[in-house]
Amino acid sequence: MPLRPAHVNIKALNASTLGRFWAEALGWSAYSAGATTYVGPAGGLVWPDPVALGIDIVPVPDPKTATKNRMHLDLATTSAAHQSELVARLKSLGAEPADVGQGDDVLFTVLADPEGNEFCVLEPREIHQDTGPVAFVVIDCTDPYAMARFWGEALDWPLHEVNDDHALFRSPKGVGPYLEFLRTPDVKTVPDRIHLDLLPYPADNKEAEKRAAKEAEVERLRALGAVDLDVGQGDVPWTSLTDPEGHEFCVLALP
């Protein structure tokens, strides 16, 4: 069975501080989960969340380079006033204006979080009025059609649209953010600070059955064109892979 996105994974020098920023930015809560900080909707930790796509912030020793991330979040707004208010509030929390070559004639605002990860605050659009605070999880790519083929097989999220500019997916429940593979002229040159973590659907409660379900999904992804990725992770319960354009992602073990 295809996988479901479990959360967005962000590397950080200070996971707890960046977690507080994103919790305040989205109106969510930050939860301590061992060394990582998980950011998800308020009201208690639910993972994986049935609607939202949470953020898992993982401590690493190295800072972000000056190279733009090839994955970022687009935040939703409901009006021009809301957009202005949200931009002002994010700046008060530590966000800074960012230049990713967007020019002066765009309606959205590009910012960077306190560790330099770029994100956008969108002008109000009909498509994201029901997504929650995160409208899109955006991944730069060179070939949206190739990404539609691979990720359409990898995920249980149906493909909403594909053309020369982008490929667009959303949860089969019709809730939460869209996943967009956006055509860009630049190519991947460095490991990204942000990636998707994917999760198989529940199997039998036996540990052996859970491991088998995860390994079966990993083998299926390899057959689709995914490649194993060694980032020095050692013996861990998840598997690191890259898609056909080199975007990193992980397949997690069932809880």
Side-chain angles (χ1 to χ4, degrees), residues 1-10 48 50-55 68-76 100-102 106 108 118-120 122 125-132 134-201 214 216-229 239-252:
M1 177 181 288
L3 297 151
R4 51 189 162 151
H7 52 245
V8 174
N9 185 299
I10 301 179
V51 175
L53 199 58
I55 303 172
K68 178 178 75 71
N69 286 327
R70 289 183 65 76
M71 182 172 177
H72 71 268
L73 302 181
D74 282 350
L75 306 191
V100 294
Q102 69 269 25
V106 297
F108 55 86
E118 304 86 1
F119 66 97
C120 297
L122 301 182
R125 302 177 186 177
E126 183 63 31
I127 191 173
H128 66 228
Q129 293 307 298
D130 64 349
T131 61
V134 180
F136 297 91
V137 177
V138 183
I139 301 176
D140 295 348
C141 72
T142 60
D143 186 348
Y145 292 100
M147 293 295 93
R149 288 190 294 271
F150 175 83
W151 287 95
E153 293 288 339
L155 301 178
D156 73 331
W157 285 20
L159 180 67
H160 276 242
E161 180 177 289
V162 60
N163 54 41
D164 289 342
D165 296 320
H166 72 174
L168 196 64
F169 295 86
R170 198 183 191 194
S171 165
K173 299 176 182 178
V175 295
Y178 290 85
L179 174 63
E180 181 179 33
F181 290 87
L182 181 67
R183 188 183 190 99
T184 59
D186 54 319
V187 296
K188 184 176 176 63
T189 57
V190 298
D192 217 338
R193 302 284 283 184
I194 307 177
H195 68 259
L196 280 178
D197 282 344
L198 311 181
L199 189 67
Y201 278 86
K214 181 244 182 182
E217 285 301 312
V218 169
E219 285 302 318
R220 188 176 67 85
L221 293 169
R222 289 171 179 148
L224 292 172
V227 176
D228 287 275
L229 175 67
T239 299
S240 298
L241 300 167
T242 59
D243 74 8
E245 284 203 8
H247 303 112
E248 301 96 339
F249 67 95
C250 294
V251 179
L252 306 181

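Keep in mind that what you see is a predicted model, and the values were worked out from it rather than measured.
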Within the structure provided, determine whether Cys250 and Leu198 are in side-chain contact (heavy-atom separation under 4.5 Å).
no
What pair of heavy atoms forms the shortest contact from Gly246 to Lys188, and how long is it?
O-CE, 2.9 Å
Qualifying residues under side chain to side chain contact (heavy atoms under 4.5 Å, CB included), relative to Pro158, sequence neighbours excluded
Pro172
Tell me, please, which residues at least two apart from Asp140 pass salt bridge (Lys or Arg N to Asp or Glu O under 4.0 Å).
Lys68
Mind checking what makes side-chain hydrogen bond (donor to acceptor under 3.5 Å, both in side chains) contact with Arg222, not counting sequence neighbours?
Glu219, Asp228
Do Phe108 and Gln102 have side-chain heavy atoms sitting under 4.5 Å apart?
yes
How about His128 and Leu122: do any of their side-chain heavy atoms sit closer than 4.5 Å?
yes
Does Phe169 have any ring-ring contact (aromatic ring centres under 6.0 Å, His included) partners at least two apart in sequence or in another chain, and if so, which?
none
For the residue pair Glu248 and Pro191, what are the closest heavy atoms and their distance?
OE2-CA, 3.2 Å
Looking at every heavy atom in both Ala76 and Gly132, which two are closest together, and how far apart are they?
CB-O, 3.6 Å
On a heavy-atom basis, which atom in Trp157 and which in Pro5 lie closest, and how many Å separate them?
NE1-CD, 3.3 Å
Please find the pair of heavy atoms, one from Glu118 and one from Val100, that lie closest to each other, and give the distance.
CG-CG1, 3.9 Å
Got a sec, which residues hit salt bridge (Lys or Arg N to Asp or Glu O under 4.0 Å) with Glu245, two or more places apart in sequence or on another chain?
none
Partner residues of His166 under the ring-ring contact (aromatic ring centres under 6.0 Å, His included) criterion, sequence neighbours left out:
none
Taking C-beta and beyond as the side chain, do Lys214 and Thr239 meet within less than 4.5 Å on heavy atoms?
yes
Where is the tightest heavy-atom contact between His7 and Asp197, given as atom of each residue plus distance?
NE2-OD2, 2.8 Å
By side chain to side chain contact (heavy atoms under 4.5 Å, CB included), Pro50 pairs with (sequence neighbours left out) Val46, Lys173
Residue list, side-chain hydrogen bond (donor to acceptor under 3.5 Å, both in side chains) with Asp165, at least two apart or on another chain:
none
Below 4.5 Å, heavy atoms only, C-beta onward: do Asp74 and Val134 meet side chain to side chain?
no
Using the salt bridge (Lys or Arg N to Asp or Glu O under 4.0 Å) criterion, which residues pair with Asp130? Sequence neighbours excluded.
Arg170
With sequence neighbours left out, the residues meeting salt bridge (Lys or Arg N to Asp or Glu O under 4.0 Å) with Asp156 are none
May I ask you to test the Val162-Leu168 pair for a side-chain heavy-atom distance under 4.5 Å?
no
Sequence neighbours left out, what passes side chain to side chain contact (heavy atoms under 4.5 Å, CB included) with Glu217? Give chain and number order.
Leu3, Pro200, Arg220
What donor-acceptor contacts under 3.5 angstrom involve side-chain atoms of residues 144-151, with partners at least two apart or in another chain?
residue, atom, partner, partner atom, Å
Tyr145, OH, Asp164, N, 3.4
Tyr145, OH, Asp164, OD1, 3.3
Trp151, NE1, Asp243, OD2, 2.9

